[in-house]
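Residue numbers count from 1 along this sequence. Both backbone and side-chain heavy atoms feed into the values below; hydrogens, waters and symmetry mates do not.
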Amino acid sequence: MERLTKSTVTGICTQMTSQLWKEAEISELTDPKLGVITGFQDLLEELDALGKIDLGTLPPAGAVQKDTV
């Protein structure tokens, strides 16, 4: 996965004009300084890693049992 760039996010915001984005908001997505949320790049990398998991190696959801006390 390539590193997210400000120009990529700006291009997406330009093409999807349903919301106007401030320059500071775009900068925060690509180079977070406030530390309030996980960086957007970190989120994309986690989603990429999840997408690479072979679901055939996981048990079916029905195999998950709740503890009955």
Side-chain angles (χ1 to χ4, degrees):
M1 167 180 261
E2 291 184 30
R3 185 126 185 101
L4 185 66
T5 64
K6 188 174 179 180
S7 63
T8 300
V9 176
T10 301
I12 293 169
C13 292
T14 301
Q15 289 183 6
M16 303 176 85
T17 58
S18 62
Q19 176 179 339
L20 298 176
W21 290 78
K22 296 177 184 170
E23 191 71 19
E25 294 171 325
I26 294 172
S27 294
E28 187 64 22
L29 282 174
T30 56
D31 187 23
K33 303 282 189 225
L34 299 176
V36 177
I37 62 169
T38 301
F40 192 49
Q41 180 68 42
D42 294 340
L43 174 64
L44 291 175
E45 289 171 3
E46 289 176 15
L47 289 172
D48 185 52
L50 286 173
K52 292 178 180 175
I53 294 174
D54 179 6
L55 296 179
T57 64
L58 300 175
V64 177
Q65 301 292 319
K66 288 185 177 182
D67 292 334
T68 53
V69 178

If hydrophobic clusters are built by linking Ile, Leu, Val, Met, Phe, Trp and Tyr wherever their side-chain heavy atoms come under 4.5 Å apart, do Leu43 and Ile12 end up in the same one? no

What is the distance from atom OG1 of Thr30 to atom CZ of Phe40, rounded to the nearest 0.5 Å? 10.0 Å

CG-CG distance between Asp42 and Leu47, expressed to the nearest 0.5 angstrom: 11.0 Å

Rounded to the nearest 0.5 Å, how far does CD of Glu46 lie from CG of Leu44? 9.5 Å

With heavy-atom distances below 4.5 Å as the criterion, would you say the side chains of Thr5 and Thr8 are in contact? yes

The side chain to side chain contact (heavy atoms under 4.5 Å, CB included) partners of Lys52 (sequence neighbours excluded) come to Asp48

Between Gln41 and Arg3, is there a donor-acceptor pair closer than 3.5 Å when you use the side chain of the first and the backbone of the second? no

Electrostatic pair Glu28-Lys6, nearest N-O below 4.0 angstrom: no

SG (Cys13) and NZ (Lys22) are apart, to the nearest 0.5 Å, by 13.5 Å

Kindly compute the distance separating CD1 (Ile26) from OG1 (Thr10), expressed to the nearest 0.5 Å. 4.0 Å

In the hydrophobic cluster built from side-chain contacts under 4.5 Å, what are the other members alongside Leu20? none

